[in-house]
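Quick note on labels: first sequence line is chain A, next is B, and so on, each numbered from 1.
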2 protein chains.
Amino acid sequence: MALGKDYVHQQCSIARALEVVGERWTLLVVRDAFYGVRRYNDFLVHLGVPRAVLAARLQALVEAGVLDRRRYQESPPRDEYVLTERGLALWPVLRSLGAWGRAEVPGAVPVRHFHHADCGTELGSYGECPACRIPVPPADVEMRPGAGLDPDPGDPVGRALLRPRRLLVPVGREDVSEAGNS
Amino acid sequence: MALGKDYVHQQCSIARALEVVGERWTLLVVRDAFYGVRRYNDFLVHLGVPRAVLAARLQALVEAGVLDRRRYQESPPRDEYVLTERGLALWPVLRSLGAWGRAEVPGAVPVRHFHHADCGTELGSYGECPACRIPVPPADVEMRPGAGLDPDPGDPVGRALLRPRRLLVPVGREDVSEAGNS
DNA sequence: CAGTTAGGTTCATTCAATGAACCTAGAGTG
DNA sequence: CACTCTAGGTTCATTGAATGAACCTAACTG
């Protein structure tokens with residue numbers, strides 16, 4: 001990884017984090033993992049990333065301990081990629097990046113809203129629940145579509161993510177399979 | 001910017017944030033700006049980034065409204081790059097990335113510690129003060145060297161950052177100028 | 001007026017991203 | 001039992017960006 005070669009001598013834990021998640025597409029792969037995407041093909045169609053790049057990123061994330069590659073069926077051997085504890089710890093990074101992108105990038109209409117599932121309150125910029133005054137773990141976060149969300153994405157995974165969802169819950173096969181069931 | 005071309009169709013404020021700060025070196029430039037680095041040459045020696053890349057990144061950050069380029073002397077015209085409000089809003093992103101890099105990247109010895117200047121308490125993972133229970137704005141953060149910090153960095157800016165410092169306070173010329181005053 | 005400093009630009013080379021094509025192995029279908 | 005589909009890749013030529021060295025400019029310094 002090119003970043004690593006240059007960042008290694010940087011005296012900074014930010015640089016060390018960027019060695020792992022700072023490459024192109026990597027954080028979007030992790031984001032999709034939080035959204036419940038687990039399979040190679042689902043990442044592929046949802047991100048629109050080249051296959052070779054996706055394979056390289058998934059492998060790098062597994063080696064870094066961010067994702068766990070696990071066999072979910074044997075007959076045709078199929079693996080899925082699931083966030084580890086280390087990967088789950090990236091939630092504040094994604095949350096703060098998303099909050100910044102929504103608040104500070106001009107012309108941004110809210111695309112998704114994140115709520116504390118226990119009480120329904122929308123999360124604050126730090127991923128905390130303003131009502132309960134606690135940092136909300138991703139498993140307790142409910143994602144709801146916002147006004148800026150494209151109502152008809154081209155890929156089945158994007159369509160599955162139109163509905164309110166709990167984070168980390170795997171995208172169901174029934175959501176993804178049939179294309180045009182309106 | 002290559003990222004923009006591909007991320008634009010992504011329905012996500014994380015992707016929009018990455019269009020601005022997701023490129024190689026960009027977040028490290030912003031980090032240095034928080035550390036008090038303001039001048040082209042100081043970024044250059046501290047980051048070890050190619051000159052052309054630094055010029056492109058600074059220009060992009062100015063266009064994105066993250067940095068403000070301001071003339072600080074006329075006689076030889078010299079500009080400095082200072083964080084805007086929008087740039088200051090990136091502090092939670094850097095803080096959470098740094099916290100993750102320290103906690104989750106194996107073999108990481110703490111390089112710098114960040115404390116609430118008002119009370120001296122070390123910041124939590126979200127950039128909050130655990131004692132005062134408030135998010136600490138970067139101007140109120142004191143940075144102190146940690147055990148993992150190289151005690152003799154090769155560049156004068158790195159040496160200036162060895163001492164405890166308030167964030168955003170510009171790196172003084174007297175810190176940077178003389179090389180080997182032990 | 002020679003040297004230095006700040007802040008760049010230009011250019012050839014290297015390296016990674018892209019996207020299309022191809023590969024493999026098992027599953028379902030007629 | 002041939003055909004085709006699906007999941008999960010690999011390979012390869014092309015494109016594009018990063019790299020680092022060299023060069024440029026303008027002003028100040030001794």
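Listed in residue order, the members of residues 49-64 of chain A having a heavy atom less than 4.0 Å from DNA chain C are A:Pro50, A:Arg51, A:Val53, A:Arg57. A heavy-atom distance below 4.0 Å to DNA chain C is reached by these residues of residues 36-43 of chain B, ordered by number: B:Arg39, B:Tyr40, B:Asn41.
At least one side-chain nitrogen or oxygen of A:Tyr72 sits closer than 4.0 Å to the OP1 or OP2 atom of D:dG8. Listed pair A:Tyr81 / D:dG9 meets the phosphate criterion, a side-chain N or O lying under 4.0 Å from OP1 or OP2.
Judged as a side chain to side chain donor-acceptor pair (under 3.5 Å), and not counting sequence neighbours, the contacts of A:Arg39 are A:Tyr72. Not counting sequence neighbours, the partners of B:Ala55 by the side chain to side chain contact (heavy atoms under 4.5 Å, CB included) test are B:Tyr40. For B:Arg57, the side chain to side chain donor-acceptor pair (under 3.5 Å) partners are B:Thr26, not counting sequence neighbours. By the side chain to side chain contact (heavy atoms under 4.5 Å, CB included) test, B:Asp155 pairs with B:Val45, B:His46, B:Pro153, B:Val157, sequence neighbours left out. In this structure, B:Asn41 has no side chain to side chain donor-acceptor pair (under 3.5 Å) partners at least two apart in sequence or on a different chain. A search for side chain to side chain donor-acceptor pair (under 3.5 Å) contacts involving B:Arg70 returns nothing, not counting sequence neighbours.
Residues in residues 121-130 of chain B take part in these side chain to side chain donor-acceptor pair (under 3.5 Å) pairs, two or more places apart or across chains: B:His113-B:Glu122. The ring pair (Phe, Tyr, Trp, His ring centres under 6.0 Å) analysis of residues 87-109 of chain A, with sequence neighbours excluded, yields the pairs A:Phe34-A:Trp91, A:Trp91-A:Phe114.
The 12-atom threshold is not exceeded at CD of A:Glu85, counting heavy atoms of other residues, nucleotides or ligands nearer than 6.0 Å.
Cluster note: A:Leu149 groups with A:Val111, A:Leu162 through ILVMFWY side-chain heavy atoms spaced under 4.5 Å, whether in direct contact or through intervening members.
When rounded to the nearest whole Å, the span between CG of A:Leu28 and C1' of C:dA17 equals 15 Å. Rounded to whole Å, the distance from CD on A:Gln73 to C1' on D:dT6 is 11 Å.
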Inset, instruction - List the protein contact pattern of nucleotides 24-30 of chain D with one symbol per nucleotide (5' to 3'): B for base contact, S for sugar-phosphate-only contact, - for none; contact means a heavy-atom distance under 4.0 Å. - result: ---SS--
